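Encoded as structure tokens, the structure appears first; notes follow it.
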Amino acid sequence: MTHVKTELTHLVQHVFLNHFGYPCEKMMQAPGRANLIGEHTDYNDGFVLPCAINFHVIVASASRSDTIVRVMAADYQNQVDQFDLSEDILPHHYLPWANYIRGVVKILLSRGKILRGMDIVVAGNIPQGAGLSSSAALEVAIIQSFACVCKLDIGRMEIAAIGQQAENEFVGCQCGIMDQLASVEGMLGHALLIDCRSLEIRTIKIPANTQILIINSHVRRDLVESEYNLRHQQCRDAARLMDVKALRDVSVNNLDGSLLQLPEQAAQRARHVISENARTERAAEAMRQGDAQGLGLLLNESHVSLRDDFSVSSEALDAMVECAQEHVSCYGARMTGAGFGGCAVALVDVEQTALFVEETAQ
Ligand code: GLA
């Protein structure tokens with residue numbers, strides 16, 4: 001994969017030179033993520049366990065002496081966007097990718113950061129609309145580019161918060177903070193246990209005898225158009241009915257008893273989130289013990305809960321997950337990310353990865 005990244009870096013540098021007619025000053029990159037477990041828990045103040053992946057967004061940039069930002073997307077037939085930092089930054093009418101960039105720039109400005117105009121080329125190899133956080137990686141790489149070129153004093157937590165704020169307020173997706181944090185904080189060979197209330201992060205080694213594989217259904221989904229925001233609202237409603245600040249505050253003990261007061265659908269949504277939080281903490285413990293079997297079972301349970309209680313899986317995802325789970329080398333599998341299409345993750349015996357790929361990929 002390293003050579004793919006190097007090729008991509010050269011491509012972006014080359015496109016920059018060709019398009020703008022002078023070499024770029026800085027290159028920044030940010031990874032996508034696969035979430036091992038802890039799905040739809042981040043915006044409920046809960047726990048998540050994602051890991052950064054070896055697919056990236058790469059941004060080449062150079063500062064300008066004026067307030068114009070020009071951006072070219074090498075992955076989108078070299079489409080271009082241009083806006084002015086001295087004017088009100090509004091959403092682009094027909095280029096959705098441009099809004100992640102406009103959005104983070106607008107939030108940077110609203111936080112008082114002093115920006116200069118920039119020329120930018122963006123490219124990447126994270127499959128888009130696949131639940132692997134290509135948007136969060138784009139936001140992070142763009143913020144890091146401005147931070148570097150404009151010498152901004154901005155920490156990793158703030159970078160993640162700006163990305164999330166841009167999605168919430170500019171793009172219109174009420175996402176939590178998992179994707180951006182996983183992209184800025186990800187560490188080779190480790191997953192991150194993130195407490196999305198305190199934002200405390202613990203790195204946990206991925207069990208040595210396992211490999212995490214990502215399986216793409218190639219069904220694209222758009223979170224702004226999907227039922228993602230509806231799930232967010234349903235969770236808030238359920239928390240209100242249970243008289244807690246967030247679903248994170250409901251104990252998993254006597255769960256069925258606590259859900260009795262809720263209408264059926266609210267109870268299902270809440271049951272997923274509350275049980276998923278508990279599974280995520282148990283999964284982190286299993287990882288610490290190097291217990292691949294235990295971890296795998298929790299992944300399987302998570303998928304059932306997302307499918308039956310949270311209703312965010314799809315036929316294609318269910319079929320892929322089932323096929324993966326049936327393979328002899330697989331400890332467990334589940335859909336990953338928001339759902340409604342996208343990818344699954346499988347935890348596989350490292351010695352049998354090739355066999356798994358050969359026998360399940362059709
Ligand atoms: C998307 C959002 C995240 C998170 C996941 C579901 O990736 O961006 O904040 O809510 O869905 O776990």
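Every number for a ligand or one of its atoms is a count from 1 in the order of the listing. Start at 1 with the first residue, then count along the sequence. Remember, it's a predicted structure, so these values are computed and weren't measured experimentally.
- For CZ of R236, the number of neighbouring non-hydrogen atoms (other residues, nucleotides, ligands) closer than 6.0 Å is 12 at most.
- When ring centroids are compared, H40 and Y228 come within the 6.0 Å threshold.
- Between K113 and E158 there is a salt bridge, since at least one side-chain N of the basic residue sits less than 4.0 Å from a carboxylate O of the acidic one.
- Polar contact check, G176 against ligand 1: a nitrogen or oxygen pair lies under 3.5 Å apart.
- When each atom of ligand 1 is checked for a heavy atom of Y43 under 4.0 Å away, the hits are 10 (O).
- No N or O atom of S133 sits closer than 3.5 Å to an N or O atom of ligand 1.
- Residue R33 has at least one heavy-atom neighbour below 4.0 Å for each of these atoms of ligand 1: 7 (O).
- Side-chain contact between S311 and R269: present, with at least one pair of heavy atoms (C-beta onward) separated by less than 4.5 Å.
- The shortest distance between side-chain heavy atoms of M72 and D81 does not fall below 4.5 Å.
- The ligand atoms of ligand 1 that sit less than 4.0 angstrom from a heavy atom of D179 are 1 (C), 2 (C), 3 (C), 7 (O), 8 (O).
- Some N or O of E39 is nearer than 3.5 Å to an N or O of ligand 1, by distance alone.
- Counting atoms of ligand 1 from 1 in the listed order, those under 4.0 Å from a heavy atom of M178 are 4 (C), 5 (C), 12 (O).
- Checking only distances, T41 never comes within under 3.5 Å of ligand 1, N or O to N or O.
- With salt bridges taken as basic N to acidic carboxylate O contacts below 4.0 Å, none links D42 and R248.
- Annotation: side chain of L85 is in contact with side chain of L109 (closest heavy-atom distance under 4.5 Å).
- Every atom of ligand 1 with a heavy atom of D42 under 4.0 Å away is listed here by number and element: 3 (C), 4 (C), 9 (O), 10 (O).
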